[in-house]
> 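Before I ask anything, let me first share the structure, which is written out below as structure tokens.
The structure presented is a predicted model; accordingly, all values stated were derived computationally and were not measured. Only heavy atoms go into these numbers, but all of them, side chains included; no hydrogens, no water, no symmetry mates.
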Amino acid sequence: MAIPIAILDCDLLLHGRGHKTLDRFDLDSVSDDFLLTQFGFPREFILYLVELLRESLCRRTQRSRAISPEVQVLAALGFYTSGSFQTSMGDTIGISQASMSRCVSNVTKALVEKAPHFITFSREQSFQAFHRIAGFPGVVGVLDCVQVAIKAPNSEDSSYVNKKGFHSVGCQLVCNARGLLLSAETHWPGGLKDTDVLERSDLCRQLQDTEKCWLLGDCRYPLRKWLMTPVNSPESPAEFRYNLAHTATHEIVDRTFRAIQTRFRCLDGTKGYLQYSPERSSSILLACCVLHNASLQSGLDAWTLERTEPLEQPESLQQRPEDRDSQAEELRKQLILEHFS
């Protein structure tokens, strides 16, 4: 069935009949390759998103001649996946920059509302999928904190300047063995250390009393009973085997974020930074995380578009003796003895 997409009349009022607008856009009139190239997703998933967000988008656009949910979804997907400015993507689908901006804002808010439905963490995750990767037992998720470049805030706030010297928002991610996000906290100032983000996060409070299962974090994080980290300066063969299994398993979260950045090029710092406030940038980042999970749950491959550049080696956490967790250290020793000796 053809889906007509009506364009808001304000584009004609703003630019006149000579402006590049489409009075009607029939999805059946374009190829699957066109949709995938221009908007980053196959036809079936785009139609699924339209129905998923229809009620929310219609609620936000109660004008008598509002832009249809179909065009709003296409506009937002085009922006998320192209990494181009809203003006050029608006030209692609034939709407003004003002209309394009409203579409991106509306769809972003609608996706953020869906985040609790699509991004959920449960300690009852199956251990088997992680164990099959490299033999590491008891893993419920892999943890990392990543940075997404943004424009400098209007205020003289240095909290968003990260250790590399550019402004960013920090995003703490946890994913499962197939790249599905279990947690995504996207609102942290880029100047915060990964350990500070973790300690202040909802995730930390949620996992404090967890027993007999754990997340994996790299050497930037402190060892906890619920967070297994690599052994610094391993000596025994068992410790080396533990570290190798840890690295191979933890790599999944790095691969997952690389795939997200590649699909959603608005997040790729090599293409430029997000031209928005930290608050709106955080919402766009969370919306892309929701889309990642929704597409994975719809049967799309999480890592089809993954980049393959070498991983950056993290700096080890310099931990004071008084901050060490002796119970966690004993638990890790027992884990190494039972499973890697």
Side-chain angles (χ1 to χ4, degrees), residues 2-8 10-11 14-15 19-54 56-58 60-61 66-112 114 148-150 259-276 280-281 283-295 298 300 304-305:
I3 298 180
I5 298 179
I7 302 301
L8 189 65
C10 73
D11 290 311
L14 285 170
H15 302 285
H19 182 61
K20 181 184 178 183
T21 55
L22 303 174
D23 295 324
R24 188 170 294 270
F25 185 84
D26 182 358
L27 280 178
D28 287 343
S29 69
V30 297
S31 68
D32 292 344
D33 286 343
F34 175 84
L35 293 176
L36 191 61
T37 300
Q38 294 295 322
F39 305 108
F41 289 97
R43 183 187 308 273
E44 293 77 12
F45 184 74
I46 292 173
L47 295 177
Y48 162 73
L49 277 182
V50 170
E51 294 310 312
L52 178 71
L53 305 179
R54 183 180 295 279
S56 181
L57 295 179
C58 289
R60 285 195 169 85
T61 55
I67 299 179
S68 70
E70 288 82 3
V71 159
Q72 293 188 64
V73 167
L74 287 176
L77 289 180
F79 168 68
Y80 297 149
T81 60
S82 71
S84 64
F85 291 108
Q86 291 183 358
T87 301
S88 55
M89 182 48 63
D91 288 342
T92 299
I93 60 175
I95 60 176
S96 69
Q97 194 278 335
S99 295
M100 180 75 188
S101 181
R102 283 195 296 273
C103 290
V104 173
S105 178
N106 289 344
V107 173
T108 297
K109 291 176 182 176
L111 287 169
V112 168
K114 298 291 184 182
V148 173
I150 63 171
I260 291 172
Q261 278 189 309
T262 305
R263 184 182 293 278
F264 303 107
R265 282 175 281 182
C266 68
L267 307 179
D268 186 353
T270 63
K271 307 292 184 183
Y273 49 79
L274 283 172
Q275 304 283 324
Y276 303 104
R280 190 170 181 190
S281 297
S283 293
I284 290 172
L285 175 52
L286 182 55
C288 291
C289 290
V290 171
L291 285 171
H292 168 80
N293 270 17
S295 65
S298 297
L300 301 181
T304 299
L305 301 176

> Work out which heavy atom in Leu57 is nearest to a heavy atom in Ala110; give both atom names and the distance.
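In this case the closest contact between Leu57 and Ala110 is CD2-CB, 4.2 Å.
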
> Mind checking what makes salt bridge (Lys or Arg N to Asp or Glu O under 4.0 Å) contact with Asp33, not counting sequence neighbours?
none

> Apply the test side-chain contact (heavy atoms from CB on, under 4.5 Å) to residues Val107 and Leu77: give CA-CA distance (whole Å), side-chain angles for both, the deciding distance (0.1 Å), then the verdict.
CA-CA 9 Å; Val107 173; Leu77 289 180; over 6 Å; no

> If I take atom OG from residue Ser298 and atom CG from residue Leu291, how far apart are they, to the nearest 0.5 angstrom?
10.0 Å

> Rounded to the nearest 0.5 Å, what's the gap from OG on Ser101 to OH on Tyr276? Could you check?
6.0 Å

> For Pro69 and Val50, which heavy atoms make the closest approach, and how far apart are they?
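Closest heavy-atom pair between Pro69 and Val50: CB-CG1, 4.3 Å.
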
> Rounded to the nearest 0.5 Å, what's the gap from OG on Ser56 to CG on Asn106? Could you check?
8.0 Å

> Do you know which two heavy atoms are closest between Ile284 and Cys266, and how far apart they sit?
CG2-SG, 4.1 Å

> Mind checking side-chain hydrogen bond (donor to acceptor under 3.5 Å, both in side chains) for Thr108 and listing every partner two or more places apart, or none if nothing turns up?
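Partners of Thr108 by the side-chain hydrogen bond (donor to acceptor under 3.5 Å, both in side chains) criterion, ordered by chain and then number, come out as Tyr80.
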
> Which atoms form the tightest heavy-atom contact between Ala75 and Val104, and what is the distance?
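Of all heavy-atom pairs spanning Ala75 and Val104, the closest is O-CG2, 4.4 Å.
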
> Measure the CG-CZ distance between Leu52 and Arg54 for me, rounded to the nearest 0.5 Å.
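It comes to 11.0 Å.
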
> Could you pull out all residues at least two apart from Thr37 that satisfy side-chain contact (heavy atoms from CB on, under 4.5 Å)?
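With neighbours one apart ignored, the set is empty.
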
> Between atom NZ of Lys114 and atom CG of Asn293, what is the distance when rounded to the nearest 0.5 Å?
14.5 Å

> How close do Ser99 and Ile67 get, heavy atom to heavy atom, and via which atoms?
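Smallest interatomic distance, heavy atoms only, reads CB-CD1, 3.7 Å.
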
> Would Glu70 and Leu74 satisfy side-chain contact (heavy atoms from CB on, under 4.5 Å), going step by step from the backbone distance to the final call?
CA-CA 6 Å; Glu70 288 82 3; Leu74 287 176; 5.5 Å; no

> Could you walk me through whether Ser283 and Arg280 pass the side chain to side chain donor-acceptor pair (under 3.5 Å) test, one step at a time?
CA-CA 5 Å; Ser283 293; Arg280 190 170 181 190; over 6 Å; no

> Would you please classify the geometry between the Phe41 ring and the Phe264 ring as parallel, tilted or perpendicular, with 30° and 60° separating the classes?
tilted

> Quick one: CG on Leu267 to CD1 on Ile150, what's the gap to the nearest 0.5 Å?
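Leu267 atom CG to Ile150 atom CD1 measures 12.0 Å (nearest 0.5 Å).
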
> Compare every heavy atom of Leu111 with every heavy atom of Val290, then report the nearest pair and how far apart it is.
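Heavy atoms of Val290 and Leu111 come nearest at CG2-O, 3.6 Å.
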
